[in-house]
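Take a look at the structure set out below.
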Amino acid sequence: MNKTTRKALDTFMDGLVKRNPGEPEFHQAVQEVAESVMPFMAAHKDYADMSILERMTEPDRIVIFRVCWEADDGTIRTNRAWRVQFNNSIGPYKGGLRFHPSVNQSVLKFLGFEQTFKNALTGLPMGGGKGGSNFDPKGKSDREVMRFCQSMMTELCRHIGADTDVPAGDIGVGAREIGYLFGQYKRVRNEFTGVLTGKGLTFGGSLGRTEATGYGVVYFVENMLQRIGEDFQGKTALVSGSGNVAIYCAEKLLQLGGRAVTLSDSTGFIHDAEGFDQDKLDFLKDLKFERRGRIQEYTKVYKKAKFHAGKRPWAVKADMAFPCATQNELDAADAKKLIANGVNVIAEGANMPCTLEAQHLFRDNGSLYAPAKASNAGGVAVSGLEQSQNAMRINWTREEVDGRLQDIMRGIHDQCVEHGAAKRGKAVDYVGGANVGGFVKVASAMHAYGVV
Ligand code: NDP
Ligand code: 2IT
């Protein structure tokens with residue numbers, strides 16, 4: 001980046017930080033995109049003249065509301081919920097709902113901002129949005145979760161719709177929550193439409209949506225490896241998290257000849273040096289998705305595996321790393337350890353799991369580094385396919401959906417290569433490629449609309 005562009009970037013970021021005080025995650029997500037897009041805009045003056053980046057970093061609107069519900073013991077609880085409708089230039093707002101005590105406006109703005117670029121990369125007509133609540137589903141009964149979801153949807157249903165805004169799952173929101181949310185939408189609006197994705201298979205869900213994010217990450221890396229004449233055979237992987245993304249990432253790695261050797265949750269990580277085979281993954285699916293247990297229980301059954309309380313897996317020796325839990329779970333110290341251990345492939349399953357410093361270390365090192373908005377787009381891509389199936393009132397087979405997912409992930413990979421092409425013997429800049437690829441699509445639509 002030359003001096004003039006660096007100065008323009010700093011001035012832009014100073015303004016953004018002033019306009020959005022106390023939102024560090026949002027600043028971080030914008031900084032990463034601006035680092036890629038400002039040099040591009042220096043060569044494409046019409047985007048700068050139209051203030052596209054300034055407009056793109058201001059959400060269209062944010063709805064904030066109270067959610068009251070009654071706990072099993074009769075006490076009345078109050079949570080806060082949000083829907084950030086970030087940008088609908090290329091389609092209805094689309095993005096998940098997160099239920100976690102750490103949810104706040106900064107987290108949801110970073111997620112909605114990133115979603116806008118990710119959705120554009122899929123090639124499907126989806127804008128960007130995100131929502132959620134500081135509600136903590138852990139330790140709550142099914143009935144409590146149901147009452148919370150019904151109360152939340154009673155308000156949310158005024159702001160969403162199949163052609164307006166289509167939420168889905170994210171941390172803490174899976175099949176159970178989507179069922180309760182969809183049931184309440186249908187009841188209040190008297191409408192059976194594709195207003196949510198990730199639905200159950202008996203009421204409009206798509207085959208393959210549950211697995212799509214984790215499988216998609218591995219398909220993305222398969223493309224990266226193929227480009228340099230490699231594959232997964234015999235490679236080991238550090239995977240963090242043990243939710244929807246992490247478990248299906250480990251499953252697809254296994255199917256393609258690799259092995260995950262770690263998984264984690266908020267209590268610590270497990271290390272199984274032999275790797276997770278299908279029996280072990282089935283045990284983990286039951287433990288985490290049905291019984292909602294803690295990861296340590298795995299080591300009671302598989303006694304050779306070790307549990308490391310309160311730790312993250314990044315110091316374990318392996319070939320690849322797939323952070324699939326949450327934002328900023330891999331920092332500069334972790335990145336240095338990974339590089340020192342020879343881990344050369346880092347693919348983000350979670351959204352923004354690497355700090356900006358960690359990301360810079362990987363890029364400077366020439367690692368094969370896949371940024372979230374490219375590598376975890378498989379989930380929202382199959383959500384887009386679910387919307388199409390709902391609109392046509394048909395269901396595709398698992399093979400049809402999986403084939404389309406593989407095509408979409410290859411398409412995203414190729415856009416990254418196109419816009420982040422290797423220069424002077426350097427590695428492909430997948431971060432720059434994803435940011436510029438997503439930006440160009442949204443920006444050209446905004447340009448066409450004039451000043452709106
Ligand atoms: P789940 O709720 O299914 O699983 C989340 C996992 O991450 C759990 O193992 C959880 O542990 C762990 N985790 C969550 N928050 C923290 C935290 N603050 N510290 C440590 N561990 C934590 O969520 P998903 O698998 O759906 O989502 C994981 C990531 O992937 C998120 O960043 C999400 O935004 C992203 N993503 C999800 C998509 C999807 O389709 N579901 C699509 C694209 C991205 P514990 O159970 O102990 O809380
Ligand atoms: O971060 C994400 O892409 C998701 N949580 C999935 C969003 C969706 O609409 O399927």
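Position 1 is the first residue of the sequence, and the numbers go up from there. Heavy-atom basis, side chains included; hydrogens, waters and symmetry copies ignored. Read the numbers this way: they start at 1 and go in the same order the structure lists the ligands and their atoms.
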Strictly less than 4.0 Å: does any protein heavy-atom distance to atom 10 (C) of ligand 1 fall in that range?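 No, there is no protein heavy atom closer to it than 4.0 Å.
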Nearest protein heavy-atom contact for [atom]: which residue, which atom, what distance?
atom: atom 41 (N) of ligand 1; value: N244 OD1, 3.5 Å
atom: atom 17 (C) of ligand 1; value: T326 CG2, 3.5 Å
atom: atom 4 (O) of ligand 1; value: G243 CA, 3.3 Å
atom: atom 23 (O) of ligand 1; value: I171 CA, 3.5 Å
atom: atom 46 (O) of ligand 1; value: R294 NH2, 3.3 Å
atom: atom 35 (C) of ligand 1; value: N351 ND2, 3.7 Å
atom: atom 39 (C) of ligand 1; value: T213 OG1, 3.4 Å
atom: atom 48 (O) of ligand 1; value: K138 NZ, 2.8 Å

If I compare all heavy atoms of [X] with all of [Y], which pair ends up nearest, and what's the gap?
X: I178; Y: A168; answer: CD1-C, 3.7 Å
X: S367; Y: I346; answer: CB-CD1, 3.8 Å
X: A372; Y: E114; answer: CB-OE1, 4.4 Å
X: N20; Y: H27; answer: O-NE2, 2.7 Å

Electrostatic pair [X]-[Y], nearest N-O below 4.0 angstrom:
X: R410; Y: D407; result: yes
X: K235; Y: D319; result: no
X: R227; Y: D414; result: no
X: R176; Y: D142; result: yes
X: R291; Y: E297; result: yes
X: K199; Y: E386; result: yes

With a cut-off of 4.0 Å, which atoms of ligand 1 are near a heavy atom of [X]?
X: C324; answer: 28 (C), 29 (C)
X: N376; answer: 43 (C), 44 (C)
X: G241; answer: 9 (O)
X: S264; answer: 9 (O)
X: R98; answer: 31 (C), 32 (O), 33 (C), 34 (O)

Select the closest option to atom 12 (C) of ligand 1 among A377, S242, A325, G378, judged by heavy-atom distance.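 The residue whose heavy atom sits nearest atom 12 (C) of ligand 1 is A325.
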Counting heavy atoms only, which of S266, A350, C249 is nearest atom 21 (N) of ligand 1?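 Checking each option, the heavy atom nearest atom 21 (N) of ligand 1 is found in S266.
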Collect the protein residues that have a non-hydrogen atom under 4.0 Å from ligand 2 and hand them over in chain and number order.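 Contacts of ligand 2 under 4.0 Å: K94, G95, G96, Q115, K118, K130, A168, G169, D170, R209, N351, G379, V380, S383.
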Using 0.5 Å steps for rounding, measure from the NZ atom of K441 to the CG atom of L121.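 Separation between the atoms: 6.0 Å.
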Mind checking the CG-NZ spacing from L111 to K130? Nearest 0.5 Å is all I need.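 Answer for the CG-NZ pair, L111 versus K130, is 5.0 Å.
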Heavy atom of [X] under 4.0 Å from ligand 1?
X: R292; result: no
X: E329; result: no
X: S102; result: no
X: G174; result: no

Just checking, K186 and F192: is the charged tip under 6.0 Å from the six-membered ring centre and within 45° of the axis?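 No.
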Ring-face cation of K140 near F148 (centre distance under 6.0 Å, axis angle within 45°):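 No, K140 does not lie over the aromatic ring of F148.
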Within-cut-off N or O pair, G169 and ligand 1, under 3.5 Å: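 For ligand 1, there is no N or O atom that lies under 3.5 Å from one belonging to G169.
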Please determine if K130 has a nitrogen or oxygen closer than 3.5 Å to a nitrogen or oxygen of ligand 1.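 No, since none of the N or O atoms of K130 sits under 3.5 Å from an N or O of ligand 1.
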Applying side-chain hydrogen bond (donor to acceptor under 3.5 Å, both in side chains), name anything that partners E274, two or more places apart in sequence or on another chain.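 Result, side-chain hydrogen bond (donor to acceptor under 3.5 Å, both in side chains) vs E274: K304.
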Using the side-chain hydrogen bond (donor to acceptor under 3.5 Å, both in side chains) criterion, which residues pair with H308? Sequence neighbours excluded.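 In terms of side-chain hydrogen bond (donor to acceptor under 3.5 Å, both in side chains), with neighbours along the sequence ignored, H308 is linked to no residue.
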Just jot down the side-chain contact (heavy atoms from CB on, under 4.5 Å) partners of K285, sequence neighbours excluded, or say none.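 K285: side-chain contact (heavy atoms from CB on, under 4.5 Å) contacts with I247, Y248, E251, Q278, D282, F289.
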Measure R209 to ligand 1 on non-hydrogen atoms and call it side chain, backbone, both or neither using the 4.0 Å cut-off.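 Under 4.0 Å from ligand 1, R209 contributes side-chain atoms alone.
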